[in-house]
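Accompanying notes for the structure given below.
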Amino acid sequence: MPVITRFAPSPTGYLHIGGARTALFCWLFTKHHGGKFLLRIEDTDRARSTPESIETILDGMRWLGLDWDNKDSESLGYYSQYAHFKRHAEVARQMVANGVAYYCYATPEELDAMRSEQKVKGLPQRYDGRWRDRPASDAPQGIAPVIRLKAPQTGETTIRDVVMGTITVQNSQLDDMVLLRGDGTPTFMLAAAVDDHDMGITHVIRGEDHMTNTFRQAYIYKAMGWDVPVFAHMPLIHGPDGTKLSKRHGAPAVSDYRDRGYLPEAVNNYLLRLCWSHGDDEIIPMDKAIEWFDLDGVGKSPARFDFAKLGSVNAHYIKEKPDADLAALAAPFVARVMGRNLTPAQLDLLTRAMPDLKPRAQTLVQIAEMAAFYFHEGAFTLDDKAAKILTPEARQVLADLAAKMGGLSEFTTEAVENLFRAYAEEKGIKLGAVAQPLRVALSGSTVSPPIFGVAGLLGREESLRRMEAILRGA
RNA sequence: GUCCCCUUCGUCUAGAGGCCUAGGACAUUACCCUUUCACGGUAGUAACACGGGUUCGAAUCCCGUAGGGGACGCCA
C-alpha cells in the first residue's frame, strides 16, 4: 500500500518551527517510501483563520522546499478543511443516528462553571455527560446544541504508535468531546479524523501534543467502521529552558529564521537532527536525509532548541554555497544594512568578496554587516579602537604607502601585499603595524576580511580615496 | 489535581547485556596557524537522574522514587 501522509497546520498565525519539523519528518518519510505528501489547512475555526496566515504557511513550506503533492489537484492549491464542512456535519449526524453520538444543550457558561467546580474539588476536568442519556424531549428552546461523541466509559483503549509505542488508557479517562459545534461547524477532533479517512491518509504524523486526541479519535474511526491509520507522534521541540517553544524564546516562526539569515538547507539539517540521528552524521543533505530517514529512528524524548548549533550548521552551508548564489541571497540583507539597494557593480563586488566573507559568518545577516564597508561612501565614523590605531606614526605609514600605491604598475592584492611587506621590512616594523592602519583606512574598523584582499577588490582609486580621506581627517 | 510520555556531557545525540576506561557534534578552555577577525588543526574539561532488583556481567532488562514535558476547550 502506498504511503500517503499529510501536514495539517491551522492558519491562525505563523508557521511554527516545531510544526515545520513535523512537516519535515513527514515529508522525508513520504519521500523515503515513494508516497504522497498532502497539505491540509485546518481552517474550520472561522474566527481565527486568516488568508494571510495561510499565505505565510505556504511561503514557509516553499522556502524549506517541502513541496506537497496536492497543490495541483486542489482548486486552492491545498486541501481546505473548511471546504468540506458539510461532509463533517453529515458524519456527525450519522453518528447520532447510529447512537454513538448525541446532542448536548449545555451552554459554554454552564460548562465553565462545571470545570471550575471540578478544579476546586481537585477532580479531573472533564465533561460529566449530563446530556448523554437525556431524551430529546428535554431539549430546551433557543439553544443550538452541539453533537458529542458517546465515548465508552468502561474498559480501556490501546493505540499503537510508531514512535511512542503501545499505549493504553482507561476509558474512564475519556470524556464525550464535541464533534460538531452549535453553529454546525466541525471541531478538530471530528474534521481531522474524517479528512484523514477521506484523503486516504495511511500515516498520521503529528506532534506529541496530539497524543491524547488519538484515543478519542480512534472511536470515530471505530464508530464509522473505518480503517485506522498508522499513528506516529513526534516529540515536541522545547526552548532552551525546556518548556514548549514559543514567542517568548525569540524565534518561533519559520520566517524568523529566513529574516535572521539562515539558509533553508541549514534549518532543515538542524531540525532533522532533533530527535533523530544517523550514527555520528551531523551534516546531512536532503538527498541523504531522504535515503536515511524513517520513523523507527525517531526518539521519544523532546529536544531543546540550540541556536549555537543551528549557527554552526548554517555556517557550514554558507561555506558550501557558490559565491554568486550567496551574494544574491545576501544582497537584500546588505541593502537593509545600507538603506539602499545594490547596483549590479556592487553585487559583483559582493560576489568577489564572498570568499573572504564566507568563512567569517554564521548567517547572511553577519555577511551583510561585515560587507557593508565595501560599499561605504563618505568618511567612516571610527570607534575608539580604530581611532587609537591612527597614531602619528601610523599616519606617516599610510602617507608613505599611499604614495607608493599610486605608483604601482599593477594594483592587485599580491602587489599591495608585497609593497606593504617590503615597506615593513625596510622600516623594521611588524606587518601588523602597517596592515592595521590600512585596515582602519579602508574598512573603518580594526576587524575586517584580509586587508590586502580588500584593497585589491576596492581597486586603486577607491583605496587611495579612503586613505587620503583618513589622512585629511584630524 | 487526573491521565499519558520522557530522563546519557551545558545542548543535540551514539549506544539494542560484555566491543564503554561511554563515542561524535555544538558550546567551552588551551595551544598552533595568522596582518585583525574568522576558517582550519591539535589537545583538554564535561554525562549514563536516584534507589532497589534480575544477571557471571546493566547506560542497555524489571520495579520504585524524583525531576521534566504534554493533554485535560463549542482551539487545532
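Order of the sequence lines sets the chain letters (A, B, ...), proteins ahead of strands, with each chain counted from 1.
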Using the 3.5 Å cut-off, write out each protein N or O paired with an N or O of nucleotides 58-66 of chain B and the distance between them.
none

Please classify the nucleic acid contact of [X] as base, sugar-phosphate, or nothing, using heavy-atom distances under 4.0 Å.
X: Arg148(A); result: sugar-phosphate
X: His210(A); result: base
X: Ala106(A); result: base
X: Thr12(A); result: nothing

For nucleotides 33-37 of chain B, list the nitrogen or oxygen atoms of the protein found under 3.5 Å from its nitrogen or oxygen atoms, one pair per line.
| unit_1 | atom_1 | unit_2 | atom_2 | d |
| --- | --- | --- | --- | --- |
| U35(B) | OP1 | Arg421(A) | NH2 | 3.4 |
| U35(B) | O2 | Arg439(A) | NH2 | 2.4 |
| U36(B) | O4' | Gln436(A) | OE1 | 3.2 |
| U36(B) | O2' | Thr446(A) | O | 3.0 |
| U36(B) | N1 | Arg439(A) | NH2 | 3.2 |
| U36(B) | O2 | Arg439(A) | NH1 | 3.4 |
| U36(B) | O2 | Ser448(A) | N | 2.9 |
| U36(B) | O2 | Ser448(A) | O | 3.0 |
| U36(B) | N3 | Arg439(A) | NH1 | 3.1 |
| U36(B) | N3 | Ser448(A) | O | 2.6 |
| U36(B) | O4 | Pro450(A) | N | 3.2 |
| C37(B) | O2 | Arg360(A) | NE | 2.5 |
| C37(B) | N3 | Arg360(A) | NE | 3.1 |
| C37(B) | N3 | Arg360(A) | NH2 | 2.7 |
| C37(B) | N4 | Arg360(A) | NH2 | 3.3 |

*Proximity to the side chain of Gln81(A) - top-ranked nucleotide from G40(B), G69(B), A76(B)*: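 That would be A76(B).
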
*asked:* Nearest to the Val178(A) side chain among C74(B), A71(B), A76(B), which nucleotide is it?
replied: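 Nucleotide nearest to Val178(A)'s side chain: C74(B).
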
Only distances under 3.5 Å count here; give the side-chain donor-acceptor pairs of residues 424-431 of chain A to other protein atoms, sequence neighbours excluded, each with its distance to 0.1 Å.
none

*asked:* I'd like to know if the side chain of Gln217(A) reaches the main chain of Met189(A), judged simply by a donor and an acceptor atom lying under 3.5 Å from each other, with no hydrogens or angles considered.
replied: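 Such a contact is found between Gln217(A) side chain and Met189(A) backbone.
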
For nucleotides 1-3 of chain B, which of its nitrogen or oxygen atoms have a protein nitrogen or oxygen under 3.5 Å away, and what is each distance?
| unit_1 | atom_1 | unit_2 | atom_2 | d |
| --- | --- | --- | --- | --- |
| G1(B) | O2' | Gly122(A) | O | 2.5 |
| U2(B) | O2' | Gln173(A) | OE1 | 3.0 |
| C3(B) | O4' | Gln173(A) | OE1 | 3.2 |

*Got Phe333(A) and Ile367(A) here, is their nearest side-chain heavy-atom distance under 4.5 Å?*
no

*For the residue pair Leu58(A) and Trp68(A), establish whether any side-chain heavy-atom pair is separated by less than 4.5 Å.*
yes

*Pairing residues for Val178(A) by the side-chain contact (heavy atoms from CB on, under 4.5 Å) criterion, not counting sequence neighbours*: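 Only Val146(A), Arg148(A), Thr187(A) meet the side-chain contact (heavy atoms from CB on, under 4.5 Å) criterion with Val178(A).
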
*What residues, two or more places apart in sequence or in another chain, satisfy salt bridge (Lys or Arg N to Asp or Glu O under 4.0 Å) together with Arg206(A)?*
none

*Name all residues meeting the salt bridge (Lys or Arg N to Asp or Glu O under 4.0 Å) criterion together with Arg115(A); count only those two or more places apart in sequence or in a different chain, and write none if there are none.*
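Arg115(A) satisfies salt bridge (Lys or Arg N to Asp or Glu O under 4.0 Å) with Asp112(A) once adjacent residues are dropped.
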
*Check the angle between the aromatic planes of His88(A) and His84(A) and answer parallel, tilted or perpendicular using the 30° and 60° thresholds.*
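Aromatic pair His88(A)/His84(A) classed tilted.
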
_Mutual orientation of the aromatic rings belonging to Phe37(A) and Phe7(A) [parallel < 30°, tilted 30-60°, perpendicular > 60°]_ = parallel

*Any side chain to side chain donor-acceptor pair (under 3.5 Å) pairs touching residues 437-448 of chain A, not counting sequence neighbours?*
Gln436(A)-Arg439(A), Arg439(A)-Ser448(A)

*asked:* Can you confirm whether more than 12 heavy atoms, excluding those of Arg87(A), are under 6.0 Å from its CZ atom?
replied: yes

*Is Lys319(A) atom NZ crowded by more than 12 heavy atoms from other residues, nucleotides or ligands, each under 6.0 Å away?*
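More than 12 within 6.0 Å, yes.
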
_Check: Phe420(A) ring centroid to Tyr423(A) ring centroid under 6.0 Å_ = no

Would you tabulate the nitrogen or oxygen pairs shorter than 3.5 Å linking the protein to nucleotides 45-50 of chain B?
none

*asked:* According to ring pair (Phe, Tyr, Trp, His ring centres under 6.0 Å), who are the partners of Phe293(A), at least two apart in sequence or on a separate chain?
replied: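 Checked Phe293(A) against ring pair (Phe, Tyr, Trp, His ring centres under 6.0 Å); matches are Phe25(A), Trp276(A).
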
Under 3.5 Å, side-chain donor or acceptor atoms of residues 381-388 of chain A against the rest of the protein: list the pairs with distances, not counting sequence neighbours.
| unit_1 | atom_1 | unit_2 | atom_2 | d |
| --- | --- | --- | --- | --- |
| Asp383(A) | OD1 | Lys385(A) | N | 3.3 |
| Asp383(A) | OD1 | Ala386(A) | N | 2.8 |

Between the protein and nucleotides 11-21 of chain B, are there any N/O to N/O pairs under 3.5 Å, and if so, what are the atom names and distances?
| unit_1 | atom_1 | unit_2 | atom_2 | d |
| --- | --- | --- | --- | --- |
| C12(B) | OP1 | Arg304(A) | N | 3.0 |
| C12(B) | O2' | Arg273(A) | O | 2.7 |
| U13(B) | OP1 | Cys275(A) | N | 2.2 |
| U13(B) | O3' | Ser277(A) | OG | 3.1 |
| A14(B) | OP1 | Ser277(A) | OG | 3.0 |

_Between P of C5(B) and NZ of Lys244(A), the distance in whole Å_ = 18 Å

